[in-house]
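Structure first, commentary second.
Note that the structure is predicted; figures quoted are calculated from it, not measured. We number each residue from 1, following the sequence as shown.
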Amino acid sequence: MFEQLGQQLQDQFRQLTGKGVLSEKDIDKALADVRLHLLAADVALPVAGELIARIKQAAVGQKILQSIRPGDQVVKIVHDNLVALLAPSDPSSSPLEKLFKPASPHIIMLVGLQGSGKTTSAVKLAHFLTKKKKAKVLVASLDIYRPAAQEQLAIFAEKSAIASLPVVKDQAVLAIAARAVTAAKKESYDYLILDTAGRLVVDKPLMAEVAALKKNIKPQDSLLVLDGLSGQSAIDTARAFHQTLDLTGAIMTRMDGDARGGAALSLRHETNCPLLFLGSGEAVEKLDTVDPVRLANQILGMGDIVSLVEKAQEISDEDEMAAMEARLKKGIFTLDDFQKQLRQMKKMGGMKEILSKLPQGILPQNMKNIGQMNLDDTLFARQDAIINSMTKQERRKPDIILAGRKNRIAKGAGVTLADVNRLLKQFLTTQKMMKQAAKMDPATMARQMNAMKGQMQRRF
Ligand code: GDP
Ligand code: MG
């Protein structure tokens, strides 16, 4: 599905190459697709809508980077916006750092719907704090409704060598919580993790209970445990719990399966509360802190296009490019310009790396097996050497390069005469295209680009 998104974006943007900046109309067209795919990744409707609006703002009028396809550039803009949404709004007072501060005890209350993974996450979090932060952690179950729920936590905790509050029959929720706090203080635990009861849907008694708990126990952290597979309903869950509890963060579970993580965006949008941990399996060690960049990649599923664009952005010398563009508009494209283009490609890691970073769907059938293709990155070096062996005058007026000069250049670059001829031919083809492109209307340009792409592919 996401490979398809990549493909569709490429198709869209093939039509707008050569315009210099990303235009509103073209971006709208591409973002309509992005929107559909965000919805398919379980991002709630209003969230997707707002995200798209933001992305549009960021993309309109942005200068098209020369060394990559504009479609890739929009993917990067989408990605950056996802990261911004997922990252803590104020890194200086990171909620995770606050959570990592032990107290005597630091109380963490886990809330969420039934089956969202609260009990599992309680033990996972205890394990995490014990192992990574060398903390002393006590867990306690406040689920008095489901039969054996308290025992379930105790057994799971014991398996992982985590201390749990001894179960006392027929005690009320607030009484158990008070007992847990007393025990944690007395036995100097750094953390007390409270595993609360859930319901199948958000209901009033559940909310009243967690509200009373919060008021009485005053936990430093109230974390929502959200099922990564919960889809569009995640937005309602997040809203309801946040209104009642003023959540400090969330844990998203089941990220090991088909979950694409769209719920994380709904959470952020509705509560502005940060996603702190991801659960990726039933085992106790399957809990990780959130890396916004990785999560954005998971939600977007765009292979490594993003890192490819980052590289291109790093190396793109804007001034140089602007100068080249200006000259192109006057119909000037010399061997020096050609060399600059080649170098830019080389800086991006060579053809093999560029191709290997694109999602599979983008590559035509005959290019699937990159490993077996005869892609020789030393070609760049050879071409560079050939141009270096030319005089300034030759680079500006290649038509003066006749047999005698060709031999001299070949010798100087340590290549054959055929290599020099090939380079000159390649240059002339590119120059012709560049000159045409400078005069062309966008539609013709698009056709031309497609033809060029076909040629390049045949060459491989
Ligand atoms: P609770 O009702 O909220 O306490 O949910 P539980 O902790 O009892 O979890 C419900 C089910 O989800 C159990 O079978 C867990 O093993 C499973 N589960 C919890 N977290 C994860 C996770 O991150 N990945 C997977 N695959 N399963 C999980
Ligand atoms: Mg439970």
Any idea which heavy atoms bring [X] and [Y] closest together, and the distance?
X      : Y      : answer
Ala264 : Leu275 : CB-CD2, 3.6 Å
Val47  : Ser266 : CG2-CA, 3.8 Å
Ala180 : Leu138 : O-CD2, 4.0 Å
Ala157 : Val139 : CB-CG2, 3.9 Å
Leu267 : Ala250 : CD2-CB, 3.5 Å
Ile193 : Ala122 : CD1-O, 3.7 Å

*Check whether any side-chain N or O of Ser222 sits under 3.5 Å from a backbone N or O of Thr248 as a donor-acceptor pair, and report yes or no.*
no
Measuring from [X]:[atom1] to [Y]:[atom2], what's the distance to the nearest 0.5 Å?
X      : Y      : atom1 : atom2 : answer
Leu165 : Tyr189 : CG    : OH    : 9.0 Å
Asp80  : Ile55  : CG    : CD1   : 9.5 Å
Phe338 : Ile387 : CZ    : CD1   : 6.0 Å
Leu192 : Lys136 : CG    : NZ    : 12.5 Å
Ile217 : Leu142 : CD1   : CG    : 8.0 Å

*Step by step, work out the side-chain contact (heavy atoms from CB on, under 4.5 Å) result for Leu295 and Met255.*
CA-CA 10 Å; Leu295 185 60; Met255 290 300 282; 3.8 Å; yes
Which residue pairs pass the side chain to side chain donor-acceptor pair (under 3.5 Å) test when at least one of the two sits in [range], sequence neighbours left out?
range            : answer
residues 117-134 : Thr119-Asp195
residues 157-183 : Gln171-Arg179
residues 282-292 : none

For [X], all residues meeting salt bridge (Lys or Arg N to Asp or Glu O under 4.0 Å), sequence neighbours excluded:
X      : answer
Asp190 : none
Arg239 : Asp236, Glu270
Arg146 : Asp143
Asp246 : none

*Check whether more than 12 heavy atoms from other residues, nucleotides or ligands sit under 6.0 Å from atom CD of Glu151, and answer yes or no.*
yes
[Y] and [X], any side-chain heavy atoms less than 4.5 Å apart:
X      : Y      : value
Leu265 : Leu82  : yes
His269 : Val43  : no
His242 : Leu224 : no
Leu287 : Ile251 : yes

Show the atom names and distances, to 0.1 Å, of all donor-acceptor pairs under 3.5 Å that link a side chain in residues 103-115 to residues at least two apart or in another chain.
unit_1 : atom_1 : unit_2 : atom_2 : d
His106 : ND1    : Lys101 : O      : 2.7
His106 : NE2    : Asp221 : OD2    : 2.7

*Are any of the side-chain nitrogens in Lys340 or Asp336 under 4.0 Å away from the carboxylate oxygens of its partner?*
no
*Please list all pairs passing the salt bridge (charged side-chain N to carboxylate O under 4.0 Å, His left out) test where one or both residues lie in residues 47-61, with sequence neighbours left out.*
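Found Glu24-Lys56, Asp28-Lys56.
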*Keeping to residues at least two apart or across chains, list the salt bridge (charged side-chain N to carboxylate O under 4.0 Å, His left out) pairs with something in residues 247-256.*
Asp227-Arg254
*Applying side chain to side chain contact (heavy atoms under 4.5 Å, CB included) between Leu125 and each of Leu276, Val284, Leu223, report the one that passes.*
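That would be Leu223; it is the only one of Leu276, Val284, Leu223 passing the side chain to side chain contact (heavy atoms under 4.5 Å, CB included) with Leu125.
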Enumerate, atom names and distances included, each donor-acceptor pair closer than 3.5 Å involving a side-chain atom of residues 204-214, sequence neighbours excluded.
unit_1 : atom_1 : unit_2 : atom_2 : d
Glu209 : OE1    : Tyr145 : OH     : 2.2
Lys214 : NZ     : Leu245 : O      : 2.7

*Could I get the full list of ring-ring contact (aromatic ring centres under 6.0 Å, His included) partners for Phe128, not counting sequence neighbours?*
Phe100, Phe277
